[in-house]
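Report on the following structure.
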Protein chains: 2
Amino acid sequence: MTRSEENYLKAIFHLGGQNSKLIATNAIAEQMETKPSSVTDMAKKLAEKGLLHYKRYQGVTLTPMGVKTALAIIRKHRLWEVFLVKKLDFTWDEVHEVAEQLEHIKSEKLIDKIDALLEYPKFDPHGDPIPTKTGEFQERAKQLLSELPIAAQGVCVGVKDTSSTFLKFLDKNSIALGNTIHILDKEDFDNSLHIQIEGRELQISNQIASNLYVKTA
Amino acid sequence: MTRSEENYLKAIFHLGGQNSKLIATNAIAEQMETKPSSVTDMAKKLAEKGLLHYKRYQGVTLTPMGVKTALAIIRKHRLWEVFLVKKLDFTWDEVHEVAEQLEHIKSEKLIDKIDALLEYPKFDPHGDPIPTKTGEFQERAKQLLSELPIAAQGVCVGVKDTSSTFLKFLDKNSIALGNTIHILDKEDFDNSLHIQIEGRELQISNQIASNLYVKTA
DNA sequence: AATAATATTTAGACAAATCTAAAAATATGT
DNA sequence: ACATATTTTTAGATTTGTCTAAATATTATT
Ligand SMILES: [Mn+2]
Ligand SMILES: [Mn+2]
Ligand SMILES: [Mn+2]
Ligand SMILES: [Mn+2]
């Protein structure tokens, strides 16, 4: 498996290619920041290798083997992210770029030892689930903060937007995973929220609220 | 810098290219397990980039920039080896292959944090010196065990042969870096040694003795 | 000094991964 | 349904790193 092949599989997985849903060439090209013609070439190659099903002009879906391979890479990516944060004091907005490189290191022993060192974490610094060695993982029951009604409360468990800008904004406002958020009021005009978090009161826009995942009791 | 370029620089450094000694095309090809014609192509490219001096039919030497780059990669390689041994319980015969991959990860912050986590080690698991962030390092005063006279003693500080076979042999015979070795006797016929190490007495061939570095008091 | 052996370079090919531009298929709108 | 817009594929080119085979330069031997 080349690095490029691994990146295609990961992108297709993130677009939903695991549930026999046909993923369009253009969608993959956009996700990978490449051209559709390049995607077509790679789709043929990966189909040849038995990692995905490719129907000309229709799109691709991952085979069981393709899903397994994608999950192994996602597992590595997320474990490295946890390692960087927990062991090397990286901030959660710094880890993605480095993990993009580390996820391609080929050593089963290495990633299993990292997993053990971290005591088998279930979620990465952004709240995304970490597949086990055998590829199992459960998505946490969660919803967007923006979907909660007035007076509801939830624990912050993840972010939808993982951009550095957004993550730094959250840091600046001391909003972190694990924090409990109460919705005090919602503004009809722009859906902005008046919330209480860790004793403080805060006003946040709908754009913020619709990029924060919470778990309700 | 591509991975391939980095590997060429490292190989040339290991062949002595830092001391304005001309390194032959064939020597590089052998070290890299590639063909001389490939080396010529790469030599032109690296010369173009100012990383080495290339004289047609004569060989190459590293420029100051080339030395600096090579040392940065060697630093990463050796720090990762220490990390694998100290933090993840890898054995010293397992680390090289993985370090060959990890040395190409591009993140200054990452390697500096690994350095700090390990408390700035000066030597890797095979006794080789680790360059600092600024590229300084001193080779430890050492000599081959085979060069010591009868009755001399020394502390084991490194290995010349870093092959898995040799390292595993040393493990099996409980010979480790840091051990003190006394030369009890030397056999004229085959230069094999009768040694005392950590209380035990052992008979070792000249081939073993000429791959073990010791530091004398 | 001429010849033979060795080392190095050049020329041309190939595989991987990408791109642009043109062609073909599919989807959309009236 | 048919013209138009969009999506996807194909054809051909490019870059990087490699290879083989032939040509050229250097070194060693007589
Ligand atoms: Mn990430
Ligand atoms: Mn993440
Ligand atoms: Mn090594
Ligand atoms: Mn080493």
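Here is the naming used below: chain letters follow the sequence lines, and residue numbers restart at 1 for every chain.
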Looking at C:dT6, I'd like to know if its phosphate oxygens (OP1 or OP2) sit under 4.0 Å from a side-chain N or O belonging to B:Asn26.
no

Flag, side chain of A:Thr63 to backbone of A:Gly50, donor-acceptor distance under 3.5 Å:
yes

Check the distance between C:dT9's C1' and B:Met42's CE and give it to me in whole angstrom.
16 Å

Enclosure of A:Lys55 NZ (heavy-atom neighbours >12, cutoff 6.0 Å)
no

Take atom CD1 of B:Ile23 and atom P of C:dA7, then tell me their distance rounded to the nearest Å.
16 Å

Between A:His53 and A:Leu62, is there a donor-acceptor pair closer than 3.5 Å when you use the side chain of the first and the backbone of the second?
no

Separation of atom CE in B:Met32 from atom C1' in D:dT18, rounded to whole Å
11 Å

Round to the nearest Å and state the distance from B:Glu33 atom CD to D:dT18 atom P.
12 Å

Looking at B:Thr34 and B:Glu30, would you say the former's side chain and the latter's main chain have a donor-acceptor pair under 3.5 Å?
no

Taking any heavy-atom pair under 4.0 Å as a contact, classify B:Ser38: base, sugar-phosphate, or nothing.
base

May I ask you to verify if any side-chain N or O of B:Tyr54 is less than 4.0 angstrom from the OP1 or OP2 atom of C:dT9?
yes

Under a 4.0 Å heavy-atom criterion, the protein footprint on nucleotides 21-27 of chain C, written with B, S and -, is ---BSS-

B:Glu94 with B:Lys168: basic N within carboxylate O range, under 4.0 Å
no

So which heavy atom on B:Lys21 is nearest to which on B:Gly16, and how close?
CB-O, 4.0 Å

Counting only heavy atoms and a strict 4.0 angstrom limit, can you tell me which residues of residues 1-11 of chain A come near DNA chain C?
A:Thr2, A:Ser4, A:Tyr8

Rounded to the nearest angstrom, tell me the gap between atom CG in B:Leu22 and atom C1' in C:dT8.
14 Å

Nearest heavy atoms of B:Arg75 and B:Ile130, plus distance in Å
O-CG2, 4.3 Å

If every non-hydrogen atom of A:Ser192 is compared with every non-hydrogen atom of A:Ser205, which pair is closest and at what distance?
CB-CA, 4.0 Å

Looking at B:Lys35, does any N or O in its side chain come under 4.0 Å of the phosphate oxygens OP1/OP2 on C:dT8?
no

Which atom pair, heavy atoms only, marks the closest approach of B:Cys156 to B:Ile181?
CB-CD1, 4.5 Å

Integer-rounded Å distance: D:dT16 C1' and B:Leu46 CG:
13 Å

Separation of C:dT8 C1' from B:Asp41 CG (nearest whole Å):
12 Å

Round to a whole Å and report the spacing from CD of B:Glu48 to C1' of D:dT15.
15 Å

